[in-house]
Amino acid sequence: MSETNDFTALVIGGSVGGLAAAHELRAVGAGVAVYERSAGETSARGAGIVMQPEVDALLARLGRSASSVSVELHERQQLDAHGRPARHGAPQLMTAWDTLYRALREPLSGVCYRLDSTLRRVQVSGHDVTAEFSDGYTARGNFLVGADGIGSATRMLLDSVSRPEYAGYVAWRGLEPESALPSDLLDLLAGRFTFFTSSGTQMLCYLVPGADGEREEGSRRVNWVWYTNVAEPELPRLLTGRSGKHFAHFVPPGELRPEIVEQVARQADASLPRPFARLVHLSDVFMQPVFDLAPGRMVADHAALIGDAAGTVRPHTASGTSKAFGDAAGLAAALRGWTPDLPLPASELEHWEIRRLDRFLTLSEAGFDLAVRSTLGAGRGDRFFGAE
């Protein structure tokens with residue numbers, strides 16, 4: 001890293017939150033290196049993303065408009081049990097994880113971005129922080145940012161007590177090329193945010209850019225998520241993939257076992273409006289359990305946690321990505337002007353932490369309330385996907 005940098009930052013986690021942190025820290029004079037635990041190209045961990053102001057703001061500073069990475073919707077529609085829509089105008093921009101990832105990654109082409117880097121140890125000595133990875137590689141900087149998601153190794157090293165807690169429901173997901181869908185189904189869904197709610201289940205759907213960021217009609221993708229209550233004892237079965245591998249927080253496309261896929265399809269036929277059931281049948285389904293992780297502290301000695309590494313919010317708020325971006329922007333602002341020969345700006349970091357924890361609490365309460373209204377969560381509404 002250049003000696004002209006005010007300080008050097010090690011960012012643990014190379015998803016969109018980590019990339020946002022890299023951009024924000026570079027903007028206040030830091031030299032940055034990013035370390036991602038995935039061995040290859042990172043997978044789309046959630047597919048669709050609702051464009052929020054924090055994301056828009058960073059894109060604008062990078063010379064990109066929100067619309068350049070998004071599909072524009074014009075209406076919201078709620079389907080009844082028979083698939084009949086009730087509509088109203090609601091303009092909104094929708095992007096996708098991989099589209100946003102590319103928009104953030106490409107401007108960082110000259111920045112160290114090391115894959116297959118699982119954090120094992122952190123040491124602080126004076127104004128230096130050293131990160132040691134599972135392959136023996138070490139990196140030294142002046143500040144470390146944990147942006148490594150709900151399964152954060154950074155958080156485990158800084159706070160070995162906090163653990164994610166299962167919220168009582170899962171998100172089944174699909175992301176399919178619009179060109180692969182029947183025209184009548186696409187006519188219903190295109191240009192609209194579509195949703196359906198019943199006891200213990202909720203499904204929503206919207207279009208996002210194509211696999212290479214295409215926004216033209218015919219080249220986009222249909223993104224959907226279907227929340228269903230699932231008893232916790234069922235999780236180990238659902239999280240065991242085709243190969244026998246057990247996944248902790250995300251079962252990627254192609255890994256759901258055939259009997260689970262069949263069960264999902266049968267449940268879709270039994271509980272969803274016909275258009276949504278058809279969509280499930282036409283999709284390569286993947287799955288994410290919903291977890292709650294309450295934040296403890298976000299700041300430690302020469303280190304901080306952001307995004308899901310610091311604490312999770314329910315997906316109904318559509319704020320997981322924007323929370324990480326807001327965390328990153330505020331952290332960079334707190335570190336602006338700091339150099340390693342000075343004490344850490346403790347007051348600024350404390351104020352950042354207080355503000356972000358307050359924001360977290362607001363989002364967390366909103367997400368919980370939205371889940372309760374949809375009878376989603378432990379002890380609420382009907383349950384699905386019991387062992388047969």
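All values derive from a computational prediction rather than experimental measurement. Only this structure's heavy atoms are used, side chains among them; waters, hydrogens and symmetry mates stay out.
Distance OG/Ser70 to CD/Gln92: 10.5 Å, rounded to 0.5 Å. Atoms CZ and OG1, on Phe360 and Thr312 in that order, are 5.5 Å from each other to the nearest 0.5 Å. Atom OG1 of Thr321 and atom CD1 of Ile49 lie 4.0 Å apart (nearest 0.5 Å). The distance from the CZ atom of Phe250 to the CG atom of Leu239 is 11.5 Å, given to the nearest 0.5 Å. Rounded to the nearest 0.5 angstrom, Met287 CE and Leu238 CG are separated by 4.5 Å. Between the CE atom in Met203 and the CG atom in Leu279 there is a gap of 4.5 Å [rounded to 0.5 Å].
Between Ala66 and Leu93, the shortest heavy-atom distance links the atoms CB-CD1, 3.9 Å. Contact between Arg76 and Ala90 at its shortest, heavy atoms only, is CG-CB, 3.6 Å. Closest non-hydrogen pair, Gly83 versus Pro275, comes out as CA-CD, 4.1 Å. Across all their heavy atoms, Val50 and Met94 have their closest contact at CG2-SD, 3.7 Å. Among all heavy-atom pairs drawn from Ser319 and Leu363, the shortest one is OG-CD2, 3.6 Å. Closest approach of Phe196 and Ser271 over heavy atoms only: CE2-O, 3.5 Å.
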Determine, step by step, whether Arg359 and Asp327 satisfy the side chain to side chain contact (heavy atoms under 4.5 Å, CB included) criterion, reporting the C-alpha distance in whole Å, the side-chain angles of both residues, the deciding distance to 0.1 Å, and the verdict. CA-CA 10 Å; Arg359 176 62 175 160; Asp327 289 347; over 6 Å; no
Verdict with supporting geometry, Leu100 and Leu59, side chain to side chain contact (heavy atoms under 4.5 Å, CB included): CA-CA 9 Å; Leu100 184 58; Leu59 288 171; 4.1 Å; yes
For Thr228 and Gln267: C-alpha separation, side-chain torsions, deciding distance, then whether side chain to side chain contact (heavy atoms under 4.5 Å, CB included) applies. CA-CA 10 Å; Thr228 60; Gln267 192 61 61; 5.7 Å; no
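The aromatic rings of Tyr113 and Tyr101 lie perpendicular to each other, with more than 60° between the two planes, well past the 30° mark. By the 30° and 60° cut-offs, the orientation of the rings of Tyr227 relative to Tyr169 is perpendicular.
The residue from Leu158, Leu357, Ile354 that alone fulfils the side chain to side chain contact (heavy atoms under 4.5 Å, CB included) condition with Met298 is Leu357. Of the options Thr201, Ile260, Val225, a side chain to side chain contact (heavy atoms under 4.5 Å, CB included) to Trp172 is made by Ile260 and by none of the others. No option in His82, Gln78, Arg84 other than Arg84 meets the side chain to side chain donor-acceptor pair (under 3.5 Å) test with Asp80.
Under a hydrophobic clustering in which Ile, Leu, Val, Met, Phe, Trp and Tyr are joined whenever their side-chain heavy atoms come within less than 4.5 Å, directly or via other members, Leu331 and Leu19 fall into the same cluster. In the hydrophobic cluster analysis, where Ile, Leu, Val, Met, Phe, Trp and Tyr join through side-chain heavy atoms closer than 4.5 angstrom, Leu293 is grouped apart from Val170. Linking ILVMFWY residues whenever their side-chain heavy atoms come closer than 4.5 Å, directly or via other members, leaves Leu305 and Val124 in distinct clusters. A continuous path of Ile, Leu, Val, Met, Phe, Trp and Tyr side chains, each step under 4.5 Å between heavy atoms, connects Val222 with Leu272, placing both in one hydrophobic cluster. Hydrophobic clustering places Val280 together with Phe193 (ILVMFWY residues linked when any side-chain heavy atoms are closer than 4.5 Å, directly or through intermediates).
With hydrogens and angles left out, the side-chain atoms of Trp97 and Ser15 include a donor and acceptor closer than 3.5 Å. Side-chain contact check for Asp148 and Ser152: at least one donor-acceptor pair (N or O, by modelled atom type) lies under 3.5 Å. Side-chain contact annotation: Thr8 with Asn142, donor-acceptor N/O pair under 3.5 Å present.
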Side-chain atoms of residues 368-375: list all donor-acceptor pairs with protein atoms under 3.5 Å, sequence neighbours left out, distances to 0.1 Å.
{"from": "Ser374", "atom 1": "OG", "to": "Gln202", "atom 2": "NE2", "distance (Å)": "3.0"}
{"from": "Ser374", "atom 1": "OG", "to": "Leu370", "atom 2": "O", "distance (Å)": "3.4"}
{"from": "Thr375", "atom 1": "OG1", "to": "Gly200", "atom 2": "N", "distance (Å)": "2.7"}

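Between the Glu255 side chain and the Gly241 main chain, no donor and acceptor come within less than 3.5 Å of each other. Between the side chain of Gln77 and the backbone N or O of Thr194, no donor-acceptor pair lies under 3.5 Å.
Two rings, from Tyr35 and Phe133, have their centers less than 6.0 Å apart.
Between Arg356 and Lys323, the closest side-chain pair of non-hydrogen atoms falls below 4.5 Å. Put simply, the side chain of Trp224 does not reach to within 4.5 Å of the side chain of Leu189, judged on heavy atoms. Proximity of Met51 to Val69: side-chain heavy atoms (C-beta onward) are separated by under 4.5 Å at one or more points. A 4.5 Å side-chain heavy-atom check between Leu119 and Thr154 finds at least one atom pair inside the cut-off.
A salt bridge is defined here as a Lys NZ or Arg NE, NH1 or NH2 lying under 4.0 Å from an Asp or Glu carboxylate O, and Glu24 with Arg61 meets this definition. Looking at Glu75 and Arg192, a side-chain N of the basic residue comes within less than 4.0 Å of a carboxylate O on the acidic one, giving a salt bridge.
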